[in-house]
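For reference, the structure is listed below as structure tokens.
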Amino acid sequence: MIKLYKIRIGEKVYEVEVEEITEKNGAIETSADSNNKQKIDKNENRPLQGGTGRSQVVKAPMQGLVVDIKVKIGEKVKAGDEIVILEAMKMENPIVAPCDGVIDVIKVTKGDKVNTDDILAVLS
């Protein structure tokens with residue numbers, strides 16, 4: 001079933017057709033989903049170097065901008081130590097080590113934009 005809506009933004013009026021979709025009819029896809037299919041994630045192109053096989057990956061919990069990197073490769077960290085500072089929605093968010101370990105890989109640099117679940121660092 002298609003519904004027609006009129007939406008006013010400022011002085012302009014837009015007509016929008018919306019089709020009802022259920023799980024039985026198919027998948028719901030947003031424009032952001034289709035854009036991500038065409039992009040190649042920059043983190044996928046950087047090889048993981050080092051590592052011992054018992055690595056712990058530190059991922060971005062949200063999209064944002066890397067404003068600071070608090071550690072260096074080879075540095076020992078304890079659970080809860082700050083690894084990266086992400087700015088999201090005008091707030092700085094510390095990303096911390098999930099466990100004790102040594103920083104094997106840092107996959108981002110200051111100024112990088114990251115998406116949710118991008119790999120920031122690898123601990124061993």
Side-chain angles (χ1 to χ4, degrees):
M1 183 169 127
I2 295 179
K3 292 185 179 182
L4 180 65
Y5 293 94
K6 289 186 179 182
I7 300 173
R8 180 183 302 258
I9 301 176
E11 296 295 317
K12 291 188 176 187
V13 176
Y14 299 91
E15 288 187 2
V16 180
E17 291 182 351
V18 179
E19 181 178 357
E20 182 178 342
I21 298 178
T22 64
E23 248 182 79
K24 292 178 185 175
N25 295 5
I28 298 174
E29 184 176 298
T30 65
S31 61
D33 292 337
S34 61
N35 288 343
N36 286 338
K37 287 180 185 175
Q38 297 171 359
K39 285 184 186 175
I40 296 175
D41 182 10
K42 65 183 173 192
N43 285 334
E44 291 175 355
N45 296 331
R46 294 186 190 172
L48 291 177
Q49 298 173 351
T52 62
R54 295 195 57 149
S55 298
Q56 176 73 36
V57 175
V58 179
K59 294 183 177 182
M62 65 195 86
Q63 77 178 54
L65 178 70
V66 176
V67 292
D68 199 7
I69 298 174
K70 298 288 192 175
V71 295
K72 293 184 172 90
I73 294 175
E75 187 174 329
K76 290 182 182 181
V77 294
K78 294 186 178 186
D81 287 353
E82 291 182 354
I83 295 177
V84 173
I85 305 294
L86 280 184
E87 181 182 289
M89 296 173 41
K90 307 251 182 196
M91 293 178 57
E92 290 189 357
N93 303 282
I95 309 305
V96 299
C99 60
D100 295 353
V102 177
I103 301 293
D104 269 351
V105 179
I106 300 173
K107 294 199 46 127
V108 293
T109 58
K110 189 174 179 178
D112 281 354
K113 291 181 182 177
V114 296
N115 292 313
T116 303
D117 291 332
D118 280 357
I119 297 172
L120 303 175
V122 179
L123 296 151
S124 63

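We use all heavy atoms of the structure for the numbers below, so side chains are in, but hydrogens, waters and symmetry mates are not.
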Residues clustering with V18 (ILVMFWY side chains joined when closer than 4.5 Å, directly or via others): Y5, I7, I9, Y14, V16

Any residue meeting side chain to side chain donor-acceptor pair (under 3.5 Å) with K110, in chain and number order, not counting sequence neighbours: none

Gap separating the CG atom of L120 from the CG atom of D112, nearest 0.5 angstrom: 9.5 Å

pair I73-I106: side-chain heavy atoms closer than 4.5 Å: yes

Partners meeting salt bridge (Lys or Arg N to Asp or Glu O under 4.0 Å) with D81 (sequence neighbours left out): none

Hydrophobic cluster partners of L65 (side-chain heavy atoms under 4.5 Å): V67, I85

Pairwise distance CD(Q56) to CG(D100) - rounded to 0.5 angstrom: 11.0 Å

I103/K72 under side chain to side chain contact (heavy atoms under 4.5 Å, CB included): CA gap, chis, key distance, verdict: CA-CA 7 Å; I103 301 293; K72 293 184 172 90; over 6 Å; no

Separation between CD of Q63 and CG of D117, rounded to the nearest 0.5 Å: 11.5 Å

Residue pairs involving residues 85-97 (criterion side chain to side chain donor-acceptor pair (under 3.5 Å); sequence neighbours excluded): none

Sequence-distant partners of K76, salt bridge (Lys or Arg N to Asp or Glu O under 4.0 Å), two or more places apart: none

Side-chain donor/acceptor of D104 to backbone N/O of L123, under 3.5 Å: no

